[in-house]
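Have a look at the structure below, then the notes.
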Amino acid sequence: MALSLRRRLPLLHLLLAIFAAASRGDDQSGEAYNTTICERQPYRCGEVNISYPFYLSDQTADIRGQNGSYCGYPGLGINCVGSKYPTLELDDYSYNVTHINYTDNTISLADPDVLDDESCPQVDHNVTVPSNMWLMNSTEHTVGFLFFFANCSTPTPIPVPGLSINITPIPCASPDGGGGGYSFAVPSYVPHQNLLQQCKDVFQVPVLQNASKIDQDWSTSGYRNILDLGFQLEVNSSQKSEQCNKCEESNGQCAYNRSGEFVGCLCDNGQVEDQECTNGSGNTLSDFY
Ligand SMILES: *[C@@H]1O[C@H](CO)[C@@H](O)[C@H](O)[C@H]1NC(C)=O
Ligand SMILES: *[C@@H]1O[C@H](CO)[C@@H](O)[C@H](O)[C@H]1NC(C)=O
Ligand SMILES: *[C@@H]1O[C@H](CO)[C@@H](O)[C@H](O)[C@H]1NC(C)=O
Ligand SMILES: *[C@@H]1O[C@H](CO)[C@@H](O)[C@H](O)[C@H]1NC(C)=O
Ligand SMILES: *[C@@H]1O[C@H](CO)[C@@H](O)[C@H](O)[C@H]1NC(C)=O
Ligand SMILES: *[C@@H]1O[C@H](CO)[C@@H](O)[C@H](O)[C@H]1NC(C)=O
Ligand SMILES: *[C@@H]1O[C@H](CO)[C@@H](O)[C@H](O)[C@H]1NC(C)=O
Ligand SMILES: *[C@@H]1O[C@H](CO)[C@@H](O)[C@H](O)[C@H]1NC(C)=O
Ligand SMILES: *[C@@H]1O[C@H](CO)[C@@H](O)[C@H](O)[C@H]1NC(C)=O
Ligand SMILES: *[C@@H]1O[C@H](CO)[C@@H](O)[C@H](O)[C@H]1NC(C)=O
Ligand SMILES: *[C@@H]1O[C@H](CO)[C@@H](O)[C@H](O)[C@H]1NC(C)=O
Ligand SMILES: *[C@@H]1O[C@H](CO)[C@@H](O)[C@H](O)[C@H]1NC(C)=O
């Protein structure tokens with residue numbers, strides 16, 4: 001009897017050890033992460049506070065062995081150029097971030113070519129949002145569009161419906177100003193069929209709707225003032241997975257890897273969980289063993 005018990009004990013130990021190891025394996029969900037990538041305090045870059053679901057694009061770490069993971073939604077990485085100028089990249093173009101509103105989850109952007117060229121701002125590319133970024137046209141505050149026609153063969157002014165006013169070529173961006181052809185800036189609601197035929201290049205940029213007014217000064221200062229205001233995009237939160245929703249409900253922050261896949265829930269206590277942050281220590285068998 002005593003002998004058989006002594007023989008069985010090692011087996012019992014072995015089983016307990018396996019069980020404990022297995023439960024520690026499950027508990028890998030409670031692995032630690034480098035909390036500098038998910039600071040709860042906003043980071044200030046110039047005039048803009050950056051915090052979740054936005055993040056600093058260089059704040060990445062290995063989370064659960066996934067190289068270059070970050071704390072925030074895909075595509076919301078902000079560069080802080082020279083520790084002063086927040087910028088966001090859309091489709092290989094870098095835009096200055098002028099404001100982030102965390103109440104309605106909008107980000108305000110402006111084209112640096114426009115901001116930094118006071119004398120004669122010209123649009124030379126379309127603003128496009130890549131589909132892997134969790135951003136969309138802002139539903140509330142944007143979205144009017146401005147068409148920028150360049151390399152036009154005609155200086156013929158464009159009539160604005162309902163107003164006794166014509167849109168004339170932009171003086172500084174037309175042949176006398178040294179360009180290759182005439183240029184026009186036209187709000188999207190103004191019919192511009194003939195320009196489509198007369199101009200080699202057309203670009204479309206979003207503007208704040210409120211600003212789509214036209215007066216005598218439109219082709220000199222008017223269009224520039226509107227471009228200076230920039231445009232707004234809104235975080236598309238409906239892209240969030242159930243896991244990420246649960247994570248945020250438990251006061252955690254969602255981490256994604258470089259290809260935009262959810263990798264885990266980053267919790268206040270420095271632990272990574274599958275989806276929910278639990279506070280208090282989980283029991284493991286080793287506590288009893
Ligand atoms: C955490 O990340 C910061 C910034 O990248 C780094 O300086 C620090 O060494 C990291 N800490 C650990 C424990 O890896
Ligand atoms: C940025 O965050 C700090 C600290 O939370 C706050 O005092 C400041 O008013 C914020 N600034 C802006 C522009 O939101
Ligand atoms: C992580 O990704 C970076 C950028 O692609 C690469 O340079 C680096 O070698 C990767 N590190 C590991 C451990 O895979
Ligand atoms: C826009 O960002 C660039 C850095 O990419 C910076 O050099 C420029 O001064 C910024 N413009 C404004 C008006 O903040
Ligand atoms: C942020 O958005 C909210 C909701 O639309 C608005 O009430 C508030 O004025 C905005 N804040 C700023 C600083 O624009
Ligand atoms: C924003 O609206 C424009 C014009 O309707 C459209 O071409 C563009 O795809 C939209 N962008 C996004 C990110 O939805
Ligand atoms: C006008 O056309 C020329 C030659 O094709 C091109 O180099 C230039 O970038 C165009 N201008 C604009 C504003 O698109
Ligand atoms: C820019 O957008 C306009 C209007 O949507 C389109 O006609 C034009 O081909 C686009 N230009 C480029 C270079 O993609
Ligand atoms: C919107 O229009 C109002 C009244 O015309 C003006 O006071 C305000 O500055 C405008 N806002 C923007 C962002 O243009
Ligand atoms: C927001 O994301 C959802 C889910 O991916 C997508 O179906 C929807 O088209 C997006 N909305 C816009 C306006 O891009
Ligand atoms: C991101 O995670 C997905 C799913 O786990 C994986 O298939 C993909 O290779 C990962 N991407 C990177 C860059 O680690
Ligand atoms: C767990 O969370 C509750 C509610 O948020 C809080 O009151 C309590 O102090 C937390 N306990 C620990 C150990 O952090």
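Counting starts at 1 for both ligands and their atoms, in listed order. This chain uses plain numbering: 1 for the first residue, then up along the sequence.
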Would you call Arg64-Asp274 a salt bridge at under 4.0 Å N-O?
yes
Would you kindly say whether the two SG atoms, from Cys254 and from Cys265, are closer than 2.5 Å?
no
Ligand 8: which protein N/O atoms lie under 3.5 Å from its N/O atoms?
from: ligand 8; atom 1: 2 (O); to: Asn126; atom 2: OD1; distance (Å): 3.1
from: ligand 8; atom 1: 2 (O); to: Asn126; atom 2: ND2; distance (Å): 2.4
from: ligand 8; atom 1: 5 (O); to: Gln204; atom 2: OE1; distance (Å): 3.1
from: ligand 8; atom 1: 11 (N); to: Asn126; atom 2: ND2; distance (Å): 2.9
from: ligand 8; atom 1: 14 (O); to: Asn126; atom 2: ND2; distance (Å): 3.3

Passing option when Pro86 is tested against Ile107, Asn96, Ile78 for side-chain contact (heavy atoms from CB on, under 4.5 Å)
Ile78
Interatomic spacing from CH2 in Trp218 to CG in Asn225 - rounded to 0.5 Å
9.5 Å
Are Val81 and Leu88 linked, directly or through other ILVMFWY residues, by side chains that come within less than 4.5 angstrom of each other?
no
Is it true that Phe203 and Val207 fall in one hydrophobic cluster, defined by side-chain heavy atoms closer than 4.5 Å?
yes
Can you list the atoms of ligand 2 that are under 4.0 Å from a heavy atom of Arg44?
1 (C), 10 (C), 11 (N)
Quick one: does ligand 2 sit under 4.0 Å from the side chain of Glu47, the backbone, both or neither, non-hydrogen atoms only?
backbone
Search all heavy atoms of Gly75 against all heavy atoms of Met133 and return the closest pair with its distance.
O-CE, 2.9 Å
Element-labelled atoms of ligand 1 that are located less than 4.0 Å from some non-hydrogen atom of Thr36
1 (C), 2 (O), 3 (C), 4 (C)
